Amino acid sequence: MADEPTIWISGRLVEKIRAHGAETYPHECCGALLGRDSGVVAGSDPNKDALNAEREILELLPLVNRRDDSPHNRFSVTADDVRAAEKAAREHGLDVVGWYHSHPDHPARPSQYDRDHAWPWYSYIIVSVQKGAPQDMTSWRLTDNREGFSPEGIEIRHRAAV
Amino acid sequence: MPVKVMIPSPLRSYAGKRDSAEFNVRTVGEALGRLTTEFADLRKHLFTEDGKLRSFVNVYVNDEDIRYLAKENTPTKDGDTISIIPSIAGGVEGYNRHCERGEEPLFGFLDAAAS
């Protein structure tokens with residue numbers, strides 16, 4: 001899709017997300033996406049920013065799913081975890097540009113629950129894990145009006161470490 | 001010396017790219033009111049339609065969560081820093097519950113957004 005924003009990520013990090021989803025199955029995994037987004041300083045229209053910006057995921061921070069009452073179908077990252085992730089990102093000269101989680105035995109598409117709890121701007125990567133085996137991976141961004149998600153392309157980029 | 005409100009990364013696009021804003025106010029509620037008056041597009045991401053702070057929006061005065069203080073009536077003094085900190089949640093429950101009832105999944109809005 002020509003007008004679809006794209007995130008760049010290395011094959012190593014893609015495998016790391018998939019492995020995390022398999023490791024925590026049948027529970028949901030979650031973690032922070034650390035990287036850079038050129039749109040942080042460019043333009044003024046959030047939608048145009050998303051299309052024009054180059055967003056690259058350069059590191060992951062796997063996190064503990066805090067929803068221990070229902071970890072098979074929900075995940076939660078607390079405010080303290082978010083602050084810790086932001087601190088870790090700053091120490092690497094990066095920003096928290098999104099979050100990943102798994103959908104055990106469900107498609108890699110956001111649920112209404114995902115939408116109701118989503119923030120704009122962040123990339124939300126979802127990996128489907130079927131019977132313990134990671135399958136499709138998708139990425140999404142909340143629309144400005146909070147009424148849905150727009151899909152993002154995932155491009156594998158091979159590059160030297162940060 | 002006014003109160004400083006720190007704006008988190010996901011909301012800066014709606015606040016003129018700024019990472020903070022300063023207001024002369026006496027409570028957290030006043031500060032958030034001024035912020036969302038100046039930057040109206042922020043409102044729907046911070047508040048529900050009936051004007052309550054969304055459950056995943058956490059507000060701190062200096063390092064204290066306002067849920068354990070006086071919530072939006074928490075008083076502020078000059079030089080305080082108000083931080084808006086996201087918490088992140090999601091999961092498959094909505095999809096799960098719907099499919100168990102044998103209904104169409106809830107993804108019509110997604111298809112509309114993707115088209």
Side-chain angles (χ1 to χ4, degrees), chain A residues 1 4 28 30 32 37 39-46 49-50 63 67 70-83 86 95-97 99 101 103-107 109-122 124 126 140 142-151, chain B residues 6-19 39-49 53-60 63-68 83-100 103-115:
Chain A
M1 197 182 301
E4 179 178 284
E28 295 200 11
C30 58
D37 186 300
V40 170
V41 292
S44 59
D45 182 314
D49 286 352
L63 294 167
R67 281 299 299 263
S70 191
H72 66 289
N73 67 353
R74 287 198 179 179
F75 81 94
S76 171
V77 177
T78 64
D80 283 344
D81 288 335
V82 171
R83 290 208 282 196
E86 288 176 343
D95 295 310
V96 175
V97 296
W99 305 90
H101 71 283
H103 279 183
D105 296 321
H106 284 80
R109 301 195 69 177
S111 63
Q112 182 164 330
Y113 189 83
D114 286 330
R115 185 198 60 165
D116 289 345
H117 292 78
W119 288 78
W121 187 77
Y122 284 139
Y124 286 89
I126 303 174
W140 307 84
L142 186 69
T143 58
D144 281 336
N145 59 13
R146 303 194 60 85
E147 289 181 0
F149 281 95
S150 296
Chain B
M6 303 301 295
I7 301 164
S9 302
L11 298 185
R12 287 177 196 160
S13 292
Y14 307 93
K17 300 291 177 188
R18 294 167 62 171
D19 61 6
F39 303 110
D41 289 344
L42 283 177
R43 174 164 287 278
K44 62 180 173 296
H45 297 295
L46 293 176
F47 295 99
T48 60
E49 285 178 8
L53 267 179
R54 291 186 180 275
S55 60
F56 49 84
V57 175
N58 307 278
V59 179
Y60 292 73
D63 276 331
E64 294 288 329
D65 187 335
I66 64 166
R67 290 190 186 93
Y68 303 107
S83 302
I84 300 167
I85 307 289
S87 51
I88 308 298
V92 298
E93 190 193 51
Y95 181 87
N96 208 10
R97 187 179 62 242
H98 235 66
C99 287
E100 282 170 2
E103 298 172 5
E104 287 296 310
L106 292 168
F107 294 138
F109 66 89
L110 283 172
D111 297 330
S115 62

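Computed from a predicted structure; not experimentally measured. So you know, we letter chains A, B, ... as the sequences are listed, proteins then strands, and number each from 1.
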Exercise. Looking at A/Pro71, A/Pro104, A/Ser76, A/Ala118, which has the largest count of heavy-atom pairs under 4.5 Å with chain B?
Worked result: A/Ser76
Problem set entry | Which of A/Val97, A/Leu63, A/Asp114, A/Ile126 touches chain B most, by non-hydrogen pairs under 4.5 Å | A/Asp114
Toward chain B, the part of [X] with a non-hydrogen atom under 4.5 Å:
X	value
A/Ala32	neither
A/Thr78	backbone
A/His101	side chain
A/Asp81	neither

Exercise. Does a sphere of radius 6.0 Å around CG in A/Asn145 hold more than 12 heavy atoms from other residues, nucleotides or ligands, not counting ones at 6.0 Å or beyond?
Worked result: yes
Problem set entry | Pair A/Asn73-A/Arg67, side-chain donor/acceptor within less than 3.5 Å | no
For this session: For ring-ring contact (aromatic ring centres under 6.0 Å, His included), just list the numbers for A/Trp121 and B/Tyr14, CA-CA rounded to whole Å, side-chain angles, deciding distance to a tenth of an Å, and then say yes or no.
Result: CA-CA 10 Å; A/Trp121 187 77; B/Tyr14 307 93; over 10 Å; no
For this session: Let me know which of B/Leu46, B/Ile85, B/Thr48, B/Leu11 forms a side-chain contact (heavy atoms from CB on, under 4.5 Å) with B/Val57.
Result: B/Leu46
For this session: Fit a plane to each ring of A/His117 and B/Phe56, take the angle between them on a 0 to 90° scale, and name the class: parallel (under 30°), tilted (30 to 60°) or perpendicular (over 60°).
Result: tilted
